[in-house]
Each structure stands twice: as C-alpha cells, then as structure tokens.
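Below, chains carry the letters A, B, ... as their sequence lines are ordered, and counting in each starts from 1.
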Protein chains: 2
Amino acid sequence: MTPAGRRPGNQDTRADIVDAARAAFAETGYAATSLRAVARRAGVDAALVHHYFDSKAALFVEAMQLPMDPGLVPHRARHTADRIGAAVVEGFLDMWDSAVGSSTSFVTVAQAMCASPETADALREFIAERVWRQVPGPPGESEELHQRRQSLVASQLIGLAWARYVFRVEPLASAEVTAIAGWAGPTIDRYIRGDLDPPPTFD
Amino acid sequence: MTPAGRRPGNQDTRADIVDAARAAFAETGYAATSLRAVARRAGVDAALVHHYFDSKAALFVEAMQLPMDPGLVPHRARHTADRIGAAVVEGFLDMWDSAVGSSTSFVTVAQAMCASPETADALREFIAERVWRQVPGPPGESEELHQRRQSLVASQLIGLAWARYVFRVEPLASAEVTAIAGWAGPTIDRYIRGDLDPPPTFD
C-alpha cells in the first residue's frame, strides 16, 4: 500500500478526477461510488484514477478536503488499550490541529456538511466503512447497541472539535490535546465499553 | 417580565431593529452591545427597542434566530437535581427538535457560526452570561476548573445536536430525546460534578 508515485505531470487531470469524485460522492454516497464511475464522469481511463489514488478512501479524503485519513485514528489508538478513549481523543484532535488555517480545517469541513446534506451523508458512510468497520463490537452485543456506541463517540469527538475550532470556548480552545484527552477520554471509554442502557423508567 | 404587548403596527421598524442588533452583536459582541446602541444604529428611539423587546437577551435570541432562550434550560433542569445531566440533554434537544425545518434550526445556526467567527464570539458571550452565570461552580473550585466543566458540557451538547441534525447518524438521528438523555446524561453529570483532573503522567 505504498503510494503509487505521484508524477508532477498533469495536475489538471488529477484535479478533474477530484472534482468528479466530489460530485459522484455527493450524488450516490460513498459506498455506491466506484472508482470506475468516477473515471467515467471525469472522462478518463480508470487506470489513471488508480495511478493517482491508491484507494477509494484516499480519493474521498482528498475530495472532501479531510486533513488525513480518519481510518488511521483507531489504528493508532489500538496500541493503547488501557486508555483507548484518551488515545482516540488525541488522535482526532491532533488530526484537526494540524489542519488549522488550511483549506482542510474543521471549519471548512463543517461548513460543507451544513451546506449539503448529501455531503454529510457521504461522510457518514465513509466513516462507517473506513473507521467503524475496524472497531467491531463485543460478540453478543446487538447491532443497535453497537451503532449507539459509535454515534455517541462521534457526538463527543465532533463536539470537542466544534468547541475548539468554531465556538472557541476556553479552555478547550487552547488547551493541550493531551489535557483534553484526559478530561474527555473517560467519556469515550464509557461510550465504547460502558453500560448505556437507559434506566427502565424515565419521565 | 410579561411581554410588553407587541402591537401588530410597524413590522418594518421591528425588523430594522433586529437587523441593527445582528450587526451590532457581530461587531462588538454580546456583552458590550447596549440596547441604546442598537437603537442608534437602527435610527429609532431607545424606548421603541424596549417596546418590542423585554431584554437584550430576547433581542439576541431573535437576532441570532435561536429557537428559544437557552437560559431556560438550566432553570428547567434545576428541578431534577438527581439526574441533572439527563435533564440538561433533554432540555437542549427538545429546544432544537422544536426548530427542525424552520429558519431557526440547528443547521442554520451552525452555518452562521461557521461562516462568521464574530457570530460565534457573540453567541459564546451570550451563553456565558445567559446560561453559565445561572450555574455557579461549587465554592472553592478554581475559575479554570469551572470553565473547563462548562466547555466540556457545551462540547457534548453541541456534538449531540450535530450528530442528530447535521451528521444524522443513527440511532441519535431519530431516537427519542429521553433515550438520548439516558445515554449521554451521565457524561454531563461527570463534567458538572466529577473528577476531571487529568492523570499526573500521560504517555
């Protein structure tokens, strides 16, 4: 899975492919879009798409202007099993910290999602396939509970990014990532492994 | 604090005041904007602003197109001290659920914040004065810790709204608000009252 060697050659063709991919993902979602369909839309040979992009995930990351492949976050967190929540928070915020001020910042991605439900749908599918598939639930747990855990983890991570980069509320706006990981990590741990069943009665 | 009686009269004047307020809040923030300054900017008498709006908070809620005054959430939650986190989640999501599809939806407010750091700043000041001032920290706790608690609560609430209305990830997108309150309430409780000190050493 080493990069296929990006020739400086025809940057216009590459940009055309990225544009076509963005349109295709928004139109048909992440899962249903093939590299072949992107090639057709861009008017190029499928081999050329493969030449520029190793995978559909890599093309999506660029089309959506994500700062990096979020599929790397659980990979990184796997090595810190005793404090996985903190590691997930760290990986997530490090990713977005590195993108502050660039065209791939959290604010620009958030704007794109607000502006287009289709973009939000495509990103959700991408995360499901690229991130969550790496993190299977415990055996015997229902699919509903597994999804509940995932959506709650997503809510806390997105909320931290929102507070840090958009709402810019202190101390989250300028605290060290490791400190935030210490504060919010136990939340992620509970969402991943804790008891989430609501109390039997609730008015 | 009963409404001052809104005459159907001159809706243009009222709209002018709201427009002027929006510009003033964005320019000078929430705290530093006076109703008198809004009146000057709108070219009307200050008494007229008071005629249409009971308070600066009411004018801000309308200028920012918030679905309701968020200052009412802690008031409501105060009556449920044993599960305050769940009550806060419920109050927050009920507020935004009631606005889905309207011009004051979470998506429109989120878009405004992404598009303008000044709007985000004004909203942050408003929340600090209107919501957090109602919820003083325990005596003896540092101001830094108190702010840390507030910003973490904000991060989880905003993240839940984001997951429900923008990212639309299931089950958060369509679960009952009371169910979500059961899942995420303990997170809010921990942020409000729990031990947030990061571990002494970290990786």
- Message: I'd like to know which of A/Gly185, A/Gly159, A/Ser155 tops the heavy-atom pair count under 4.5 Å against chain B.
- Response: A/Ser155

- Task: Under 4.5 Å, counting heavy-atom pairs only, tell me which of B/Ser151, B/Ala154, B/Ala184 racks up the most with chain A.
- Result: B/Ser151

- Query: Between B/Asp16 and B/Ala42, is there a donor-acceptor pair closer than 3.5 Å when you use the side chain of the first and the backbone of the second?
  - Reply: no

- Please determine, among A/Ala120, A/Ala175, A/Pro171, A/Pro117, the option with the most heavy-atom pairs under 4.5 Å with chain B. A/Pro171

- For chain B, the option from A/Ala115, A/Ala163, A/Ala161, A/Pro186 that forms the most heavy-atom pairs under 4.5 Å: A/Pro186

- Item | Residue part contacting chain A, namely of B/Ile127, when any heavy atom lies under 4.5 Å | side chain

- Query: Is A/Tyr30 close to A/Lys56 at the side-chain level, that is, under 4.5 Å between some pair of heavy atoms?
  - Reply: yes

- Scored by heavy-atom pairs under 4.5 Å with chain B, the best of A/Asp121, A/Leu172, A/Leu152 is A/Leu172

- chain A contact via B/Arg190 - side chain, backbone, both or neither, heavy atoms under 4.5 Å: side chain

- Which atoms of B/Tyr191 come close to chain A, meaning under 4.5 Å heavy atom to heavy atom: side chain ones, backbone ones, both, or neither? side chain

- Heavy-atom donor-acceptor pair, B/Arg149 side chain to B/Ile192 backbone, under 3.5 Å: yes

- Which heavy atom in A/Gln111 sits nearest to a heavy atom in B/Cys114, and how many Å separate them? CG-CB, 3.2 Å

- Message: Test your reading of the model: is there a side-chain donor-acceptor pair from B/Glu125 to the backbone of B/Glu129, 3.5 Å cut-off?
- Response: no

- Partner chain B: residue of A/Val107, A/Thr187, A/Thr108, A/Val166 with the largest heavy-atom pair count (under 4.5 Å): A/Thr187

- Query: When the aromatic ring centroids of A/Phe167 and A/Trp162 are compared, is their separation below 6.0 Å?
  - Reply: no

- Residue selection (most heavy-atom pairs with chain B, distance under 4.5 Å) from A/Gln150, A/Gln147, A/Met113: A/Met113

- Message: For the backbone of B/Trp96 and the side chain of B/Arg164, can you confirm whether one donor and one acceptor N or O come within less than 3.5 Å of each other?
- Response: no

